[in-house]
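Right, one structure below, let's go through it.
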Amino acid sequence: MQPSGDVNQRIARISAHLNPPNLQMEESSGLRQANCRAKGGSSGFKVAILGAAGGIGQPLAMLMKMNPLVSVLHLYDVVNAPGVTADISHMDTGAVVRGFLGQKELENALIGMDLVIIPAGVPRKPGMTRDDLFNINAGIVKTLCEGIAKCCPKAIVNVISNPVNSTVPIAAEVFRKAGTYDPKRLLGVTMLDVVRANTFVAEVLGIDPREVDVPVVGGHAGVTILPLLSQVKPPCSFTPEETDYLTNRIQNGGTEVVEAKAGAGSATLSMAYAAVKFADACLRGLRGDAGVVECAFVASQVTELPFFASKVRLGRTGIEEIYPLGPLNESERVGLEKAKKELAASIEKGISFVKK
Ligand SMILES: NC(=O)c1ccc[n+]([C@@H]2O[C@H](COP(=O)([O-])OP(=O)(O)OC[C@H]3O[C@@H](n4cnc5c(N)ncnc54)[C@H](O)[C@@H]3O)[C@@H](O)[C@H]2O)c1
Ligand SMILES: O=C(O)C[C@H](O)C(=O)O
C-alpha cells in the first residue's frame, strides 16, 4: 500500500532533518531532538576522537559510545566521518554522536570538549620504524593541536598517533606557542605496552592477565619501552631467560602485529581497547574518583629528560602526581640508559619540528 499524502510529507520532513554528517535534528522541526538522549549532557563528559574513521578510530568510537561516562561523542576525520557516525549513532547507549568531516569542521568538532583522543595519522608497514611515520604524522598532530589550543584549551588530550615519543613533544610545543600549555593535561598513550606486558607476563606465570600489573616506563618505541619486571604485581620472579623473552616480546609487540598484518596496518583492535581503558581512567579522574593510576608518556622530572612514561595519578585537573621509578635491578638500569638515549633524540626532533 502507498503511504498517504500526510505520511509522505512526514517522511519528507524527517528526511530533510536527518542531515549527515552532523546527525542533529533541529529544535524548530517539532521532532524530538536527537540530543534528548544525552541525559548526561550536563553530567557526562564530552569526548572528541580525531581520526575516528581509521583502523583504531572506528572500534575506539564504538567502545566510547558504550562508556556510561560519555554524554557527547564527536567523531572527526578527513574521510568517511558521516558513515562511521551514522553507524555508531544507532547504538542504544546514552551518548549523543555527531560527525565532522574535513578541516573546515575541525573547530566545531572541538568546541566544548573535555577529552580529545588523537589516533589520526598513518600506521607502519613491515620494515618501518615508528619514526619513519614522523614526516606525515608530525604535521597532522600539529594541525589538530592548533585546533585544540583554539577551541578547547582546557581539554585533556590523549595522543595515540606515532611516533608518540615525538608527537607528544610536538603537541606540547604547539600549546606552549599558543599560550595554553598545561603539562597536566597532555598524555601520550602507552597503555598498549602495559596491556601487552600484562598479557605476556600472565602467560608465563600461568595466571589470569586481569590479576597482573606490569609498570612499563620510558617511551613508546623499541628499546624505549621498558617493562619493570622486578615490580610486577603480584610479586614474582623470572629467570634470566624469561626476563629476556618478556622484555623482547613487550618491546616488539607492535612489530609482531605489523608483520602479522603484512602491509595492512598496525595494531587497531588491541589499541582501541587500550585507548578506551586509558580514556576511561582519565574520565574517572576528571569525575574525582580516588586512586586512578596508569602509565603514560608525560612531561616529567622523573629523569633528566623533559618527557618520560611512568605511572601517573589522574584526577580532576588531569595528572595530579607522577610517581618515581622505584628500585630498578641491574638489567633495568642498563635498559633505562639505552631508552633515555633514544628518547632524548626523538623528543628533540618533535620540539624542533614546531620551533623551526
Ligand atoms: N600509541 C600507540 O600505542 C599506538 C598503537 C597503534 C597505532 N598507533 C598509531 O595510531 C595511528 C593511527 O593508526 P590506524 O591504524 O588507526 O591508522 P589508519 O590509517 O587506519 O587510520 C588513521 C585515520 O586518520 C585519519 N587522518 C589522516 N589525517 C588526518 C587529519 N589531518 N585529521 C584527522 N584525521 C586524519 C585517516 O583518514 C584515517 O581514518 C598511527 O600513527 C599508528 O602508528 C599508536
Ligand atoms: O607498532 C606500531 O607501529 C603501532 C603501535 O605503536 C603498537 O605498538 O602497536
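Atoms within each ligand, like the ligands themselves, are counted from 1 in listed order. What's counted below: heavy atoms across the whole structure, side chains too, no hydrogens, waters or symmetry copies. None of the values given here were measured: they were computed from a predicted structure.
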Below 4.0 angstrom from a heavy atom of [X], which ligand 1 atoms are there? Numbered from 1 as shown, please.
{"X": "Thr268", "answer": "15 (O)"}
{"X": "Val79", "answer": "37 (O)"}
{"X": "Leu133", "answer": "43 (O)"}
{"X": "Tyr76", "answer": "32 (N), 33 (C)"}

Which one holds for [X] and ligand 1: side chain close, backbone close, both close, or neither close, with close meaning a heavy atom under 4.0 Å?
{"X": "Asn137", "answer": "side chain"}
{"X": "Val164", "answer": "side chain"}
{"X": "Met191", "answer": "neither"}
{"X": "Ile160", "answer": "both"}
{"X": "Pro119", "answer": "backbone"}

Between [options], which one has a non-hydrogen atom sitting closest to [atom]?
{"atom": "atom 39 (O) of ligand 1", "options": "Asp77, Val257, Val258", "value": "Asp77"}
{"atom": "atom 27 (C) of ligand 1", "options": "Gly121, Gly51, Ala53", "value": "Gly121"}
{"atom": "atom 6 (C) of ligand 1", "options": "Ala81, Ala221, Ala264, Ala267", "value": "Ala267"}

**Message:** Checking the side chain of Gln251 only, and the main-chain atoms of Ile225 only, is there a donor and an acceptor separated by less than 3.5 Å?
**Reply:**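 Yes.
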
In terms of residue, atom name and distance, what is the protein heavy atom nearest to [atom]?
{"atom": "atom 3 (O) of ligand 2", "value": "Arg124 NE, 2.6 Å"}
{"atom": "atom 9 (O) of ligand 2", "value": "Arg196 NH2, 2.7 Å"}
{"atom": "atom 6 (O) of ligand 2", "value": "His220 NE2, 2.5 Å"}
{"atom": "atom 35 (C) of ligand 1", "value": "Ala120 CB, 3.6 Å"}
{"atom": "atom 10 (O) of ligand 1", "value": "Ile56 CD1, 3.3 Å"}
{"atom": "atom 19 (O) of ligand 1", "value": "Pro123 CD, 3.4 Å"}
{"atom": "atom 28 (N) of ligand 1", "value": "Ile140 CD1, 3.5 Å"}
{"atom": "atom 4 (C) of ligand 1", "value": "Met271 SD, 3.5 Å"}

When only distance counts, is [X] in polar contact with ligand 1, meaning an N/O pair under 3.5 Å?
{"X": "Val122", "value": "yes"}
{"X": "Gly55", "value": "yes"}
{"X": "Asn162", "value": "yes"}
{"X": "Val189", "value": "yes"}
{"X": "Gly54", "value": "yes"}

**Request:** Name the orientation class of the two ring planes belonging to Phe353 and Phe134 (parallel below 30°, tilted from 30 to 60°, perpendicular beyond 60°).
**Result:**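 Because their plane-to-plane angle is over 60°, the rings of Phe353 and Phe134 count as perpendicular.
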
Can you see which heavy atom on [X] is nearest to which on [Y], and at what distance?
{"X": "Ile322", "Y": "Ser310", "value": "CG2-OG, 3.5 Å"}
{"X": "Ile250", "Y": "Phe200", "value": "CG1-CD1, 3.8 Å"}
{"X": "Ala120", "Y": "Leu144", "value": "CB-CD1, 3.7 Å"}
{"X": "Ile56", "Y": "Pro119", "value": "CG2-CB, 3.9 Å"}
{"X": "Ile49", "Y": "Met64", "value": "CD1-CG, 4.1 Å"}
{"X": "Val122", "Y": "Leu133", "value": "O-CD1, 3.5 Å"}

With heavy-atom distances below 4.0 Å as the criterion, list the atoms of ligand 2 near [X].
{"X": "Ala267", "answer": "9 (O)"}
{"X": "Leu192", "answer": "7 (C), 9 (O)"}
{"X": "Gly254", "answer": "1 (O), 7 (C), 8 (O), 9 (O)"}
{"X": "Ser266", "answer": "2 (C), 3 (O), 4 (C)"}

Atom [atom1] of [X] with >12 non-hydrogen neighbours under 6.0 angstrom:
{"X": "Lys261", "atom1": "NZ", "result": "yes"}
{"X": "Glu321", "atom1": "CD", "result": "yes"}
{"X": "Lys233", "atom1": "NZ", "result": "no"}
{"X": "Lys142", "atom1": "NZ", "result": "no"}
{"X": "Tyr181", "atom1": "OH", "result": "yes"}

**Request:** Check Arg130 against ligand 2 and report side chain, backbone, both or neither, counting heavy atoms closer than 4.0 Å.
**Result:**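 The part of Arg130 near ligand 2 is the side chain, not the backbone.
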
[X] and [Y]: side-chain donor and acceptor closer than 3.5 Å?
{"X": "Lys349", "Y": "Ser166", "result": "no"}
{"X": "Asn165", "Y": "His220", "result": "no"}
{"X": "Asn198", "Y": "Asp213", "result": "no"}

**Message:** Under 3.5 Å between any N/O of Asn162 and any N/O of ligand 2: does that happen in this structure?
**Reply:**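 Between Asn162 and ligand 2 (N or O atoms, distance only) the closest approach is under 3.5 Å.
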
**Request:** Show the numbers, then the answer: is there a side-chain contact (heavy atoms from CB on, under 4.5 Å) between Ile111 and Cys152?
**Result:** CA-CA 6 Å; Ile111 290 167; Cys152 53; over 6 Å; no

**Request:** Give a yes/no verdict on whether any heavy atom in Thr143 is under 4.0 Å from an atom of ligand 1.
**Result:**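 No, that is not the case, since the closest heavy atom of the residue is not under 4.0 Å from the ligand.
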
**Asked** Would you say Gly265 touches ligand 1, if touching means a heavy atom closer than 4.0 Å?
**Response**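 Checking ligand 1 against Gly265, which is what was asked, there is no heavy-atom contact under 4.0 Å.
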
**Prompt:** When you look at Val47 and Val72, which way does the side-chain contact (heavy atoms from CB on, under 4.5 Å) test go after all the steps?
**Reply:** CA-CA 6 Å; Val47 178; Val72 173; over 6 Å; no

**Request:** May I ask you to say whether Glu320 pairs ionically with Lys184, meaning some side-chain N is under 4.0 Å from a carboxylate O?
**Result:**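 Answer for the salt bridge query: no.
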
